[in-house]
Protein chains: 2
Amino acid sequence: MTEIESILMRFLKQFDITEIDQQLIYSLSLQCRIQNYPKKIILSKEGSHNKYVFIIKKGFVRRYAISDGKDITLEFAQENEMITSRYALVTGNPTIDYIETIEDSVVLKFNFESIKELHSIYQIAPKIGNVLRDRYFLKLENRILTLQKSSGEARYNDLLQNHEHILKRASLGQIASYLGMTQENLSRIRAKKS
Amino acid sequence: MTEIESILMRFLKQFDITEIDQQLIYSLSLQCRIQNYPKKIILSKEGSHNKYVFIIKKGFVRRYAISDGKDITLEFAQENEMITSRYALVTGNPTIDYIETIEDSVVLKFNFESIKELHSIYQIAPKIGNVLRDRYFLKLENRILTLQKSSGEARYNDLLQNHEHILKRASLGQIASYLGMTQENLSRIRAKKS
DNA sequence: GCTACTTTTTGATAATTGTCAAAGGAAATT
DNA sequence: AATTTCCTTTGACAATTATCAAAAAGTAGC
């Protein structure tokens, strides 16, 4: 098995996808490349028509948008997680967000268009898509529940409890915008805890 | 065409689902009922094992959770929209949220289990599911961007601009929790605007 | 080690928001 | 129409958060 195939296998195994077809893995593996990036490299730019899906083999990656001139973190992805601009994939419009490495990273880079074709060929590809989408739902809904908490401390506690790794790997400003507060406030909330 | 079929057609037409199969519509129509509810009726309870999907024909419906003893609005649905507890559908666990009518409503009520079977029979059912999921993504991602804005006024403005109908049809407390603030604060923000 | 650069912390102050309580309005019921 | 109930607004005050500025701490390159 190639390295790419083994990364794909490891990624899919976490989702209780029982029917992992070796042939499908092989076909997928032909549609992507392993890429090495230093930190602070932009993998996907706003306005871009190229639509990529990234699976993180090693490192830490962030998706963000510029809204009202401010850098707003939308999503983090660590090892064995996937990150992509769903807006672009779903609407077919140019990307409205950026994806960048926070740490030196090794990622599997797919061109989404080439995967789409596989969807119609293999029965199993849609099933994988469904599972990935369903997982992402839960993630988003939990995130919304966190953001609805009006006190900053409550939102920080949610992150501490459910995604502690983010606090260790991202910068203060990145985390603060993710939680919808200023970095000064986050710094003080954190200080109060220790 | 029965009334149920025509509601289904109208619902699906808004999603650019080109291949609407009359046979599928018919099959779906057998799996659901039209229900009339007065306002303030709970359609789905926390802890329930019955999983329903509702399409709103007329009226206004709200999904909410009780978190730390507080009523938190998660979602609103108006005419021609769908509402359901995705958590329950995806995980198979009992529902963790409630769905209730805000106005007198006419809804199409599906039992999700019976639809699931159709998925495997018809080619098109998964495609519809995909489109519905994709739309819901965008909704959630936009909602997150709104909630990340730290000032209450900015969040209110987002709602005013993108979902003004909510401000007209829901109560202050319901909207306030939806935006992650107290109703007193929302009342003052609103007063300041006029 | 030193310097330049970036990130985090701290301080002071203003603005926003939450909390509790009471008053005012609107809607439903009798 | 009057009463009850529910929802919204207002007031006073406390707590939280944002903003701006500067200091401190941490990183990277030399």
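Keep in mind that what you see is a predicted model, and the values were worked out from it rather than measured. Lettering follows sequence order; numbering is per chain, from 1.
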State whether the side chain of B:Ser44 and the backbone N or O of B:Tyr98 hold a donor-acceptor pair below 3.5 Å, judged by distance alone.
->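 Not a single qualifying donor-acceptor pair exists.
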Donor-acceptor contact below 3.5 Å, side chain A:Asp104 vs main chain A:Lys39 |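 A pair under 3.5 Å: yes.
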Considering heavy-atom distances to DNA chain D, does A:Thr182 or B:Ala170 have its closest nucleotide positioned more toward the 5' end?
->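 It is B:Ala170, whose closest nucleotide lies nearer the 5' terminus.
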Earlier contact from the 5' end, DNA chain D, for B:Leu172 and A:Ile189 =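 Going by which nucleotide is closer to the 5' end, it is B:Leu172.
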Heavy-atom distance under 4.5 Å between the side chains of A:Ser187 and A:Leu172, does that happen here?
->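 A:Ser187 vs A:Leu172: side chains touch.
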Can you tell me if the side-chain N/O atoms of [X] get under 4.0 Å from OP1 or OP2 in [N]?
{"X": "B:Ser150", "N": "D:dA18", "value": "yes"}
{"X": "B:Arg188", "N": "C:dG18", "value": "no"}
{"X": "B:Lys39", "N": "C:dA28", "value": "yes"}

Distance check needed: [N] [atom2] versus [X] [atom1], whole Å only.
{"X": "B:Arg190", "N": "D:dT10", "atom1": "CZ", "atom2": "C1'", "result": "14 Å"}
{"X": "A:Glu103", "N": "D:dT27", "atom1": "CD", "atom2": "P", "result": "13 Å"}
{"X": "B:Lys40", "N": "C:dT29", "atom1": "NZ", "atom2": "P", "result": "9 Å"}
{"X": "B:Met181", "N": "D:dT17", "atom1": "CE", "atom2": "P", "result": "14 Å"}
{"X": "A:Lys192", "N": "C:dT10", "atom1": "NZ", "atom2": "C1'", "result": "15 Å"}
{"X": "B:Asn185", "N": "D:dA14", "atom1": "CG", "atom2": "P", "result": "19 Å"}
{"X": "B:Leu179", "N": "C:dT16", "atom1": "CG", "atom2": "P", "result": "17 Å"}
{"X": "B:Glu153", "N": "C:dT16", "atom1": "CD", "atom2": "P", "result": "8 Å"}

With no angle test and no hydrogens, is the base of D:dC20 tied to the side chain of A:Glu184 by a donor-acceptor pair under 3.5 Å?
->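 Yes, the side chain and the base share a sub-3.5 Å donor-acceptor pair.
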For side chain to side chain donor-acceptor pair (under 3.5 Å), just list the numbers for B:Thr2 and B:Glu5, CA-CA rounded to whole Å, side-chain angles, deciding distance to a tenth of an Å, and then say yes or no.
-> CA-CA 5 Å; B:Thr2 66; B:Glu5 287 175 282; 3.1 Å; yes
